[in-house]
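Reviewing the structure listed below.
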Amino acid sequence: MEATTPKPAAPKAAPKKQEKISNVKGIGSAFLVILVCAIFAVILFLFVMGSPSNFSDNDPVNGHPLNYLGTVYKGGFIVPILITLLFTVIVLSIERWIALGSAKGKGSIPKFVLNIKQDLAAGKIDQALNRCKQQRGSVASVVHAVLVKYKELDANTVLSKEQKLTILRNEVEEATALEMPSLQQNLPIVATLTTLGTLVGLLGTVLGMIKSFQALANSGAPDATQLSTGISEALINTATGIATGALAVISYNFYTNKIDNLTYAIDEVGFSIVATFSATH
């Protein structure tokens, strides 16, 4: 008899990559945002606020400001820094609005969570997966990942119930942890600007007051021009710094609250999935 040559084993199919259904959009580099805002701030300060037409005798250095733009220009070199911070807060706030809008998905999150619970109670896992694909967003992405693991564990006959529950809980935590960075992206920068804007404005205020007192000390009689310039610098920087800090605080608290709502929905539906698995196995 002829010896039969064993056929080479067929290569194992590569594991199917899990579909990513979250489409959270956002700006990855806050540094680029700050850089672009700084360029726009310098251009605005030098060529718009510092335009000769805004000052008497067309002299931005020694002339008196004729309008509000000229008055702001007299705030000094701190002004473009404050404008940069203000622009950065505005741009990152708009960016977070778009990002969290995409993280919410295409429909109502409470309704989506309710439908998922109903599908789980009825044992319609595939229907729940389809809902996730239709909903999209961060909540749907976490639910989809956990439901995929749910089906795998449902077919597993080796692991014990407690082991399966532990794996399922870990999947909820891991899927949530993967989504959180995209939700919180750039918010630490906004949080920093809540304090930085006020401090830079305070620095401009101090520098303006120093200039005012120097005007009083260097002349026998008060120099009204230098005195008004110093006070103008102080007040403008104060106002811009306060406005920047206030806008940053409002933006940070607003978006933090929206993220908390998304996190609550993820926790709620994750607990329901684990509880359903525990009750049916």
**Message:** Check the orientation of F55 and Y73. Use parallel for under 30°, tilted for 30 to 60°, and perpendicular for over 60°.
**Reply:** perpendicular
**Request:** Would you give the length of the straight line joining atom CD1 of I189 to atom CG of L85, rounded to the nearest 0.5 angstrom?
**Result:** 11.5 Å
**Asked** Where is the tightest heavy-atom contact between Q134 and K106, given as atom of each residue plus distance?
**Response** O-CD, 3.5 Å
**Side-chain heavy-atom pair I83, F87 within 4.5 angstrom cut-off** = yes
**Prompt:** Linking I/L/V/M/F/W/Y whenever any side-chain heavy atoms sit under 4.5 Å apart, do I98 and I90 land together?
**Reply:** yes
**Prompt:** Would you call I116 and S272 a side-chain contact if the rule is heavy atoms closer than 4.5 Å?
**Reply:** no
**Prompt:** Tell me, do L120 and I125 make a side-chain contact under 4.5 Å, heavy atoms counted?
**Reply:** yes
**Asked** Do F40 and L46 share a hydrophobic cluster, counting only Ile, Leu, Val, Met, Phe, Trp and Tyr and linking them when any side-chain heavy atoms are less than 4.5 Å apart?
**Response** yes
**Prompt:** Any idea which heavy atoms bring S53 and L66 closest together, and the distance?
**Reply:** O-CD1, 4.0 Å
**Item:** Shortest non-hydrogen contact from I259 toward L183
**Value:** CD1-O, 3.2 Å
**Residues D126 and K151 bridged, charged N to O under 4.0 Å** = yes
**Message:** For M49 and K74: C-alpha separation, side-chain torsions, deciding distance, then whether side chain to side chain contact (heavy atoms under 4.5 Å, CB included) applies.
**Reply:** CA-CA 9 Å; M49 298 178 179; K74 287 296 184 178; over 6 Å; no
**Message:** So which atom in S251 and which in S93 form the shortest heavy-atom distance, rounded to 0.1 Å?
**Reply:** OG-OG, 2.7 Å
**Prompt:** S51 and L69: side chain to side chain contact (heavy atoms under 4.5 Å, CB included), yes or no, with the steps?
**Reply:** CA-CA 9 Å; S51 173; L69 291 177; over 6 Å; no
**Request:** Tell me, with the steps shown, if K117 and V113 meet side chain to side chain contact (heavy atoms under 4.5 Å, CB included).
**Result:** CA-CA 6 Å; K117 288 181 177 180; V113 172; 3.9 Å; yes
**Item:** Hydrophobic cluster identity match, V148 and I167, side-chain contacts under 4.5 Å
**Value:** yes
**Message:** Assess the residue pair F77 and L207 against the criterion (side chain to side chain contact (heavy atoms under 4.5 Å, CB included)); give the C-alpha distance rounded to whole Å, side-chain angles, the decisive distance to 0.1 Å, and a yes or no.
**Reply:** CA-CA 10 Å; F77 71 94; L207 294 178; 3.8 Å; yes
